[in-house]
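Have a look at the structure below, then the notes.
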Amino acid sequence: QVQLVESGGGLVQAGGSLKLSCLASGSIFRINAMGWYRQAPGKQRELVAAVSSAGTTNITDSMKGRFTISRDNAKNTVYLQMNSLKPEDTAVYYCNALIATRSLRFLDVWGQGTLVTVSS
C-alpha cells in the first residue's frame, strides 16, 4: 500500500557532505513519523535520526552537529543532510516511516536502502 524510495547515496570523501531523500508514496492519509537508520557491514542497524509529524527531531548523539533531519509534509518526503562525513559513516542508510493509510491502517514501512561510502 505504501512504498519508500531513498535517493542521494554515493561515494564521498571524508569531510564532504551528502543529502539523502526519502519519498513516500501510495495510499497515504498521514505520515506520523519518519526517520533514518543505518547499518554498516558486520554491525547492527542503528537509529540515525527521526522527526515527528509535529516537527520534533531526534538525532543520535554521535551524529549531532553533523547530521540534520527535516521533512516536507506536502511532498511526503524526509531528508537527511550529512556534513563532515567520516569513514565510519559508511553504511547502508534506510528510510523508515510510520504511516496511516487512507483505509485507516497503520504501517511501519521500510525503504530498500541507499549506500553511503565515505573514503579516507
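One-based numbering along the sequence shown. All of these numbers come straight from a predicted model, not from anything done at the bench.
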Tell me, which pairs form a disulfide bond (SG atoms under 2.5 Å apart) where one or both residues lie in residues 12-93, sequence neighbours left out?
Cys22-Cys95
Any pair counted as disulfide bond (SG atoms under 2.5 Å apart), so long as it reaches residues 57-89, sequence neighbours left out:
none
Please list, chain by chain and in numerical order, all residues satisfying side-chain contact (heavy atoms from CB on, under 4.5 Å) with Val12, sequence neighbours excluded.
Leu18, Leu85, Val118
The remaining residues in the hydrophobic cluster of Trp110, counting side-chain heavy-atom contacts under 4.5 Å among Ile, Leu, Val, Met, Phe, Trp and Tyr, are Tyr37, Leu47, Val92, Tyr94, Leu115
Going by the disulfide bond (SG atoms under 2.5 Å apart) test, which pairs reach into residues 31-74, not counting sequence neighbours?
none
Residue pair Asn96 / Val109: nearest heavy atoms and the distance that separates them:
ND2-O, 3.0 Å
Minimal non-hydrogen separation, Arg71 against Asn32, with atom names:
NH1-O, 3.9 Å
What residue pairs, at least two apart or across chains, pass side-chain hydrogen bond (donor to acceptor under 3.5 Å, both in side chains) with a residue in residues 48-61?
Arg30-Ser53, Asp61-Lys64
Give every residue pair that meets the side-chain hydrogen bond (donor to acceptor under 3.5 Å, both in side chains) criterion with at least one member in residues 111-120, sequence neighbours excluded.
none
Contacts satisfying salt bridge (Lys or Arg N to Asp or Glu O under 4.0 Å) that involve residues 96-120 (not counting sequence neighbours) are none
Minimum heavy-atom separation for Thr90 to Ala40, with atom names?
O-CB, 3.5 Å
Those residues that, when tested against Glu88, pass salt bridge (charged side-chain N to carboxylate O under 4.0 Å, His left out) (two or more places apart)
none
If you look only at pairs with a residue in residues 50-89, which of them pass as a disulfide bond (SG atoms under 2.5 Å apart), with sequence neighbours excluded?
none
Which residues share a side-chain contact (heavy atoms from CB on, under 4.5 Å) with Ala33, sequence neighbours left out:
none
Can you list every side-chain hydrogen bond (donor to acceptor under 3.5 Å, both in side chains) pair that touches residues 10-24, not counting sequence neighbours?
Ser17-Asn83
I need the minimum non-hydrogen distance between Gln1 and Ser103, along with the two atoms involved.
OE1-OG, 3.7 Å
